[in-house]
Every structure is written in C-alpha cells, then in structure tokens.
Amino acid sequence: MTLHNRLPTELNQHNIIMANILIIDDEKAIRKTLSEILGYEGYKIDEAADGAEGFKMFQAKTYDAVLCDIKMPKMDGLEFLEKSKEINPDIPVIIISGHGNIDTAVEAVKKGAYDYISKPPDLNRLLITLRNALDKTSLVKETRTLRKKITKTQEMIGNSAPILKIKETVEKVAATDARVLVTGENGVGKELVARWLHQQSHRAAGPLVEVNCAAIPGELIESELFGHEKGSFTSAVKQRIGKFEQASGGTLFLDEIGDMSMSAQAKVLRALQEGRITRVGGDKEIAVDVRVVAATNKDLLREVEDKNFRLDLYHRLSVILIHVPSLNERRDDIPLLVDHFLDNVCKEYGIAKKAIDPAALKALQEYNWTGNIRELRNVVERLVILSGKVIMPEDVDDYVLPARDKKRVNT
C-alpha cells in the first residue's frame with residue numbers, strides 16, 4: 001500500500017493548494033515520508049535537517065506552517081519555537097516528536113506551539129491539524145488585511161504642514177488617556193481625528209461611542225449620555241444604558257460639545273472629575289473607565305465669555321488641543337484627497353477608476369471650499385457620476401462651480 005493510498009479521500013478533496021510548509025527533523029526518513037504525504041496533498045515542501053538550518057530558512061522565507069521535531073542537534077524544537085515566535089508569531093508550529101511526554105507537550109503549547117503530535121504520527125490527525133492550522137493562518141491574514149483597510153479609511157490624507165503636525169500630535173497623544181479637544185470648521189474631519197486617536201490607543205479593542213450633542217434635544221441629552229432608570233420620566237418605560245457606560249473601556253467622542261446644555265455640562269464635568277456617573281432617576285453611582293475626545297466648530301472661550309459654556313469644563317476637556325485646518329488652508333493636499341475619493345467612489349459604484357485632467361485638478365485646487373472635506377468628497381462623487389472616463393475642466397465648470405459664481409479663489 002502506497003502512502004497516498006492510505007490517506008482518506010475526504011481530506012484530499014479539501015486540501016489547501018500551494019501552501020508552503022517547512023519540515024524540520026534530523027531523521028531523513030521522517031522528512032522524506034512527511035514530504036511525500038504532504039506533497040501528494042498539494043503542499044509545497046521545504047526540508048531542514050536540524051533546528052539551526054530550519055531557523056535560517058524560516059528567517060529567509062515566509063511559510064504558512066512548520067512541522068518541527070524536538071530532539072535535534074544544534075538547536076532543538078523548543079528553542080526553534082521560541083525564536084520563530086519572535087520573528088513571526090502568526091505562523092503555526094506543529095511539534096512532532098517521539099521523545100516527548102505530557103510535560104513536554106504542555107511546555108511546547110505554552111511556548112506557542114499550535115499542537116503536539118507524537119511519533120509515529122497518525123496521518124489523519126496530522127492532516128486535519130495542519131489544515132486547521134492553515135485555516136487559522138488564513139483568518140489571521142484576512143483579519144490583518146481588513147484592519148489595514150479600516151486603518152487606511154481612518155487615516156488623514158495629506159502631506160501639508162498642518163496635517164503632518166496633527167499626525168505627529170496624534171502619535172504622541174494616542175498612547176495616553178489624556179483628554180483631547182478637536183476644533184475646526186464643519187466638514188474638516190474632526191471626527192476622523194477622534195477615530196484615529198482611538199485606533200492608535202491602547203483602548204482600540206474597546207468601543208468608540210460617538211455622540212452628536214447638537215443633534216440631541218436639550219431635555220434628552222442627559223438621558224443619552226448617562227442613561228435613565230425605568231419610570232424616571234413619562235416615556236422611560238425601561239432602563240436605558242447611557243453613552244458613558246457604553247463607552248467604558250474605550251473612547252467617548254462628544255461631537256459639537258459647544259451645543260451642550262449647561263445642565264448636561266455640569267454632569268459631564270462631574271463624570272470627568274470622579275470617573276462616575278448616575279443615571280437619570282437613579283441614585284446609584286456607576287464607575288466608568290472612559291477616554292473623552294470632544295470636538296467643536298465654536299470658539300469655546302468666546303462661549304465661556306458669553307456664559308454659554310463652563311470654563312472649568314473647557315479646561316477639563318482641553319488637556320490636548322488639536323486644530324484641524326480648513327481645506328482652503330491646505331490646498332496642497334487636494335490632489336491626494338481627490339485621488340483617494342476617486343478610488344473610493346469608483347469602487348463603491350463598481351466601475352474602473354476615472355482619471356482627472358491636470359487642468360481640472362488645478363480648478364479644484366483653486367475652488368473656494370466652504371464645505372471643506374465633506375464638500376470635496378460630494379463633488380468628486382458628482383463628477384464620477386456625470387463625467388466621462390476622464391474628468392475634464394469643463395466638467396468642473398458645469399458640475400461644480402455655481403452658475404452665479406464661476407470665479408475661483410486663487411491660492
């Protein structure tokens with residue numbers, strides 16, 4: 001009976017083609033046997049005669065999984081395991097050994113081995129374990145790719161001096177729990193700074209809860225932020241968990257905080273001072289672990305003078321100040337932003353990415369962007385829909401500039 005005849009047909013139907021496997025074993029017969037089995041299953045195999053040789057190969061090439069013996073000259077399997085995890089902890093290492101016992105198996109798993117299989121290995125178990133390990137590797141890669149895509153969408157696009165300064169500040173501040181106040185006109189991307197801060201912080205695995213203070217009626221803002229108990233007011237038919245509790249362990253983004261009522265401001269101040277909140281209609285204090293990032297398009301110090309905003313709350317919120325410039329103040333970033341939005345919009349519509357004529361791009365750079373980034377994104381979408389394969393200057397004239405005002409602002 002040949003080796004491949006001993007393999008179950010069901011496994012052959014579910015093989016993972018072209019995965020790269022490294023086999024490390026000082027017994028040539030074992031390496032040959034495993035290579036023949038796995039080669040028949042569709043895997044690409046590399047062999048190493050000892051741990052040191054295997055480690056050099058592991059450093060030089062990216063593998064999808066490793067099968068490794070324990071007792072080997074120059075470098076044993078456990079040492080290889082530790083060193084390989086330092087280089088790439090996501091690559092599964094399956095330990096196969098005829099010299100081990102339960103203590104060795106436990107030690108190997110503690111050091112990061114995906115699994116431990118005794119020699120002579122049961123072929124069914126070996127193949128199933130390997131397939132599961134490769135499935136895990138695939139999921140890890142997909143997750144990393146998705147995270148990169150998410151990070152890319154959250155990244156601030158641009159290389160102008162103001163944007164580089166913001167990026168530098170975020171990198172310094174993100175790792176701390178310092179409260180941040182983000183200022184700037186409507187549409188400049190203040191919420192993007194908040195998301196970016198959250199993503200790069202140690203709270204990234206926790207929730208990011210956003211509250212638009214301007215969109216919530218004054219009489220409901222306290223219930224929205226702190227929650228309420230059942231029966232605390234006429235429409236409180238059941239208990240509600242507020243945004244502070246929902247964001248515990250993560251970040252709470254208070255957008256347009258300049259529009260918050262004075263009563264709510266007093267309670268937010270207390271929550272920031274004490275790390276505790278009380279639901280509307282309740283008397284129990286609830287501890288919350290929240291990092292607060294606030295944003296506003298108003299001059300809060302002017303609001304303080306006009307007695308619309310508490311000075312003590314302003315100082316609590318503005319440990320770090322980040323001002324996001326208007327698009328008119330960072331025109332050098334417009335080509336990068338247009339390219340970014342063209343890519344995103346065309347993908348959303350399932351069409352090939354459209355090109356833009358240099359003269360059309362220059363026209364967009366000279367336009368007066370009263371709506372900032374938000375307006376630019378809408379304009380790019382409009383041009384994608386209404387223009388031909390290449391966006392021309394006349395498209396900008398026809399679909400961007402108002403008929404009553406065809407003049408562009410010079411830089």
Side-chain angles (χ1 to χ4, degrees), residues 3 7 11 14-148 202 205:
L3 284 170
L7 302 179
L11 287 175
H14 296 276
N15 57 3
I16 303 176
I17 303 300
M18 300 305 286
N20 293 302
I21 311 298
L22 175 60
I23 299 172
I24 310 174
D25 200 303
D26 60 336
E27 296 183 58
K28 185 176 181 179
I30 294 292
R31 297 200 307 272
K32 182 179 178 182
T33 299
L34 291 175
S35 293
E36 184 178 344
I37 294 170
L38 299 180
Y40 176 77
E41 287 294 302
Y43 300 113
K44 295 175 67 177
I45 309 299
D46 286 338
E47 299 179 24
D50 57 62
E53 181 185 357
F55 185 64
K56 287 181 181 179
M57 296 172 70
F58 187 87
Q59 288 178 297
K61 181 177 178 179
T62 301
Y63 291 94
D64 297 294
V66 179
L67 303 180
C68 185
D69 191 15
I70 284 189
K71 298 293 184 181
M72 296 181 294
K74 299 182 182 179
M75 182 188 294
D76 66 24
L78 294 181
E79 187 179 355
F80 169 84
L81 179 62
E82 287 184 300
K83 288 181 175 292
S84 69
K85 291 300 173 186
E86 291 175 1
I87 295 176
N88 192 336
D90 296 331
I91 304 303
V93 178
I94 300 169
I95 298 294
I96 302 177
S97 179
H99 303 281
N101 51 38
I102 188 64
D103 292 334
T104 308
V106 170
E107 184 181 2
V109 172
K110 282 183 176 179
K111 289 181 182 292
Y114 179 81
D115 204 349
Y116 183 99
I117 298 177
S118 298
K119 289 182 180 178
D122 176 271
L123 298 182
N124 286 354
R125 184 188 171 193
L126 172 64
L127 291 170
I128 291 171
T129 299
L130 182 58
R131 189 197 325 149
N132 290 340
L134 292 170
D135 285 343
K136 179 185 176 183
T137 302
S138 178
L139 287 172
V140 168
K141 289 179 180 177
E142 288 176 11
T143 301
R144 185 179 292 110
T145 300
L146 288 172
R147 283 178 177 169
K148 284 181 179 178
H202 64 90

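Interatomic distance, Y116 OH to I96 CD1, rounded to the nearest 0.5 Å: 10.5 Å. Remark: K74 NZ to D26 CG distance equals 11.5 Å, nearest 0.5 Å. In this structure, CG on L67 lies 7.5 Å from CD1 on I117, to the nearest 0.5 angstrom. Atom NZ of K83 sits about 12.0 Å away from atom NZ of K111, to the nearest 0.5 Å. One distance of note links CD1 of I24 with CD1 of I70; it measures 12.5 Å at 0.5 Å rounding. Going from atom NZ of K110 over to atom CG of L81 covers 14.0 Å, rounded to the nearest 0.5 Å.
Closest approach of L134 to A19, counting heavy atoms only: CD1-CB, 4.0 Å. The shortest non-hydrogen separation linking D25 to E27 is OD1-N, 2.8 Å. Taking both residues in full, the closest heavy atoms of K85 and G112 are given as CE-O, 3.2 Å, listed atom of the first, atom of the second, then distance. For R31 against A48, the heavy-atom pair with the smallest separation is CD-O, 3.4 Å. Among all heavy-atom pairs drawn from F80 and C68, the shortest one is CD2-SG, 3.9 Å.
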Could you walk me through whether L126 and L34 pass the side-chain contact (heavy atoms from CB on, under 4.5 Å) test, one step at a time?
-> CA-CA 10 Å; L126 172 64; L34 291 175; 3.6 Å; yes
Test side-chain contact (heavy atoms from CB on, under 4.5 Å) applied to L38 and I23, step by step | CA-CA 10 Å; L38 299 180; I23 299 172; 4.1 Å; yes
Can K56 and E53 be said to form a side-chain contact (heavy atoms from CB on, under 4.5 Å), step by step?
-> CA-CA 5 Å; K56 287 181 181 179; E53 181 185 357; 5.8 Å; no
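Residue pairs meeting the side chain to side chain donor-acceptor pair (under 3.5 Å) criterion with at least one member in residues 57-67, sequence neighbours excluded, are D46-K61, D46-Y63, D64-K141.
Side-chain atoms of E79 never come within 3.5 Å of backbone atoms of M75 as a donor-acceptor pair (strictly under, hydrogens ignored).
Remark: of the listed residues N132, V66, L130, N132 is the sole one forming a side-chain contact (heavy atoms from CB on, under 4.5 Å) with Y114.
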